[in-house]
Colleague: 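Take this structure, written in structure tokens, and hold onto it; I'll ask about it next.
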There are 2 protein chains.
Amino acid sequence: MSSLRNPVTSGHPQARISDVARRAGVSVGTVSNVLNRPHIVADPTRQLVHDAIEQLGFVPNASARQLRAGASRTAGVLVLDISNPFFMEVARGIEDRLIEDGLTMILSSSDGDPGREQMILDTFAQQRLRGVLLTPSQRTVDHLERLTDQGTDVVFLDHRPRAKGFASVVTDDAAGGRTAVAHLLSLGHRRIGFVNGPLSLQQCRARQTGARRAIRAAGGAAELVEQQVETLDAAGGEAGMARLLAGNPDVTAVFCVNDLVALGAMRHARACGLALPEELSVIGYDDVSFAGELAVPLTSVRQPTYQLGWSAADLLLTEAAPRPVVFQPELVVRSSTGPASRRGERSEPRLSTTGGGALE
Amino acid sequence: MSSLRNPVTSGHPQARISDVARRAGVSVGTVSNVLNRPHIVADPTRQLVHDAIEQLGFVPNASARQLRAGASRTAGVLVLDISNPFFMEVARGIEDRLIEDGLTMILSSSDGDPGREQMILDTFAQQRLRGVLLTPSQRTVDHLERLTDQGTDVVFLDHRPRAKGFASVVTDDAAGGRTAVAHLLSLGHRRIGFVNGPLSLQQCRARQTGARRAIRAAGGAAELVEQQVETLDAAGGEAGMARLLAGNPDVTAVFCVNDLVALGAMRHARACGLALPEELSVIGYDDVSFAGELAVPLTSVRQPTYQLGWSAADLLLTEAAPRPVVFQPELVVRSSTGPASRRGERSEPRLSTTGGGALE
DNA sequence: CATGCTGCTTGAATCCGTTCAATCACGCAA
DNA sequence: TTGCGTGATTGAACGGATTCAAGCAGCATG
């Protein structure tokens, strides 16, 4: 509990609103009015107060203000993974919209851990925030009670809650999953791998639904080989791809639940000496900024990422009735996907440098 | 100023600490003690209070708490660019360390705009935060007065302030710049481009210093061609590279001030039909996660990113006396750099698809 | 039996703004 | 002259916790 002491400490303690009032020769009520409803204060008085504020270096205390006023000027944002460019682009959209209304953003990452999520939501609840935007790592909304109880508005990001009446902004992930797999089918692939994340995440579940639907639509000819991973990042993708190929050397294409996973999957494929897309096609999801610049430019399903965040914040700030907003995804074809090849006929997978159990 | 109304609103207004006290049959002081110094409360009493809290769904009001106690449980973080993976990795380190002590993080991005920076720091000041970690977009520390005045501790991220007595965590950028250019020199390059960012950013200035030092150490043989860009992202890198090559078709290697800029630079080089690294070597800085996975795996100067953030937060939480912490960068050689070639002899640059003025 | 000590609990004062009913000043109409 | 309306200003109550001097009970000691 020690404290750095910084050098720029000027002597005076810290002006309160009453100091300003005294200096300006007005009442505290008037100072408060200057701060919050300047239009009802007479011009000369307002000037007086501004001068006093300037001279004393007065900075209003947000806690005191909020305690009385009830309403906070910040919104909380809880994402699954702070180091996923997708979420940061969303966060950027949120912040830009919030700042238009002079709000600030508290950003935290649950890392997909429900315990950590709970803890973060608890501190959010204590802050009596203006609103909370979140991508939950669980399927229930029960643990949001604490928030809604005290009037904090909730907007779901990239998640459509089962319970009616919550605001949410999502991309149609089922459509996205369908599109991705349909693209692979159209290239002639028949045995298709799907490296998916935890099904407790709605995104994963919806993309799975879409993927299966596409397979079903193709009739009995096609097959989806699903492989679960724990973490939605490159390490997860690498491990998932290793397990998938180990058990199913004959898949000719792989749909990865997001681009980071696809990145890891491609890393593994390269380590195995597989040529992309000649021997193996890979498609990702999100179309993160660098997807087009990779060793093998990644085919992906684009979400309107920034727009997603911006709309979520806008929903929070301007809408009276909670409603769901749905965006449509868009296929972006690059070179990581190509026509199905004969590789499926080879007898066994080549040497894998990353062991199949290397999930970390 | 309307408000979403979420459905999960249970009737009761919102329990205060006095409600808990009444329910538990103790005084408010005791409830407060259970919350803040549980060890001084007798076991049975503590249990009583916990039960009451549970039954009433009591959530302490952070504003009221902070108003009286003075100390906040959050730290503010201000970075230059929220969508740069480098800063997000830093933020992850910060948050992990903060959460160990039960603090939360307010994260904002100045986008390198001093005006926006000022505004964000103002709201930070109003919150009476426990501490602020920031990468400033200006060189002065004057505008931090408001913060330090009210006892908010400041730690600089990736920036070593001129003023003595501030805590800071940096990588030795001069050494990094020197290393980068020395690497290019060792490969035989003599005319070396340097796509740098605004010199108001200390990182840019320090890397410049190091780069120049390396050139000077090489004697008169080598030359550094500097090109400034406004924004430290891929778009900036693309534009900067275009301008650099337009004016200096004979450079055989380019040092980019960070990896995003390098990404843009390589994009432009590819658009020009230049082969990397045969015709042009490119080296970046930061070694972001995907640097090794790019079309041409990027040689870069690695910073201990996560560690940088973690240490900064640790400094804030545990150190009494402000001090600077300096990490050493590390060269990571990949395939985007190679021996100098004869390309410099060609008469003029090839067609550029992105115009030289495409800075946006 | 008086005294001191320890450990626990109490309750009023306090933190710093916002809010709103009450007051005031002033000009105009009756 | 009185009365009224309007616009500006005042000041006290209030929000929900923390803090701390004071009180209290119980036990050990002299």
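Residue numbering restarts at 1 for every chain, and letters A, B, ... go by the order of the sequence lines.
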Colleague: Ion pair present between B/R46 and B/D51, side-chain N to carboxylate O less than 4.0 angstrom?
Modeller: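 Between B/D51 and B/R46 there is no salt bridge, as every charged N stays at least 4.0 Å from the carboxylate O atoms.
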Colleague: Output the rounded distance in Å from CZ (A/R37) to C1' (C/dT19).
Modeller: 7 Å
Colleague: Should B/D101 and B/R130 count as an ion pair when the cut-off is N to O under 4.0 Å?
Modeller: no
Colleague: Taking only Lys NZ, Arg NE, NH1 and NH2, and the carboxylate oxygens of Asp or Glu, determine whether B/R22 and B/D19 approach each other closer than 4.0 Å.
Modeller: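 Yes, B/R22 and B/D19 are salt-bridged.
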Colleague: Which sits closer to the 5' end of DNA chain C, B/R46 or B/A69, going by the nucleotide each is nearest to?
Modeller: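 Going by which nucleotide is closer to the 5' end, it is B/R46.
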Colleague: Taking 4.0 Å as the cut-off, does a side-chain nitrogen or oxygen of A/N36 come that near to OP1 or OP2 on C/dT18?
Modeller: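 So the side chain of A/N36 is within the cut-off, an N or O lying under 4.0 Å from OP1 or OP2 of C/dT18.
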Colleague: Give the rounded distance in Å between these two atoms: CD of A/Q14 and C1' of C/dC16.
Modeller: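 From A/Q14 CD to C/dC16 C1': 11 Å.
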Colleague: Can we say A/R92 and A/E95 salt-bridge, meaning some charged N sits less than 4.0 Å from an Asp/Glu carboxylate O?
Modeller: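 No salt bridge links A/R92 with A/E95.
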Colleague: Which atom pairs link the protein and nucleotides 10-14 of chain C when you take only N or O atoms and keep those under 3.5 Å?
Modeller:
| residue | atom | partner | partner atom | Å |
| --- | --- | --- | --- | --- |
| C/dT10 | OP2 | B/S27 | N | 2.9 |
| C/dT10 | OP2 | B/S27 | OG | 3.2 |
| C/dT10 | OP2 | B/T30 | OG1 | 2.8 |
| C/dT14 | O2 | B/R68 | NH1 | 2.9 |

Colleague: Just checking A/V41: base, sugar-phosphate only, or nothing, at a heavy-atom cut-off of under 4.0 Å?
Modeller: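 Answer is sugar-phosphate: A/V41 comes under 4.0 Å of backbone atoms only.
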Colleague: If you walk 5' to 3' along DNA chain D, what is the first nucleotide with an atom under 4.0 Å of a heavy atom in chain A, and what is the last?
Modeller: D/dA8 to D/dG16
Colleague: Can you check the A/L56 CG to C/dG17 P distance for me, whole Å?
Modeller: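 So the two atoms are 12 Å apart, to the nearest Å.
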Colleague: Could you go through the side-chain contact (heavy atoms from CB on, under 4.5 Å) check for B/F124 and B/L78 one step at a time?
Modeller: CA-CA 10 Å; B/F124 278 7; B/L78 179 55; 4.3 Å; yes
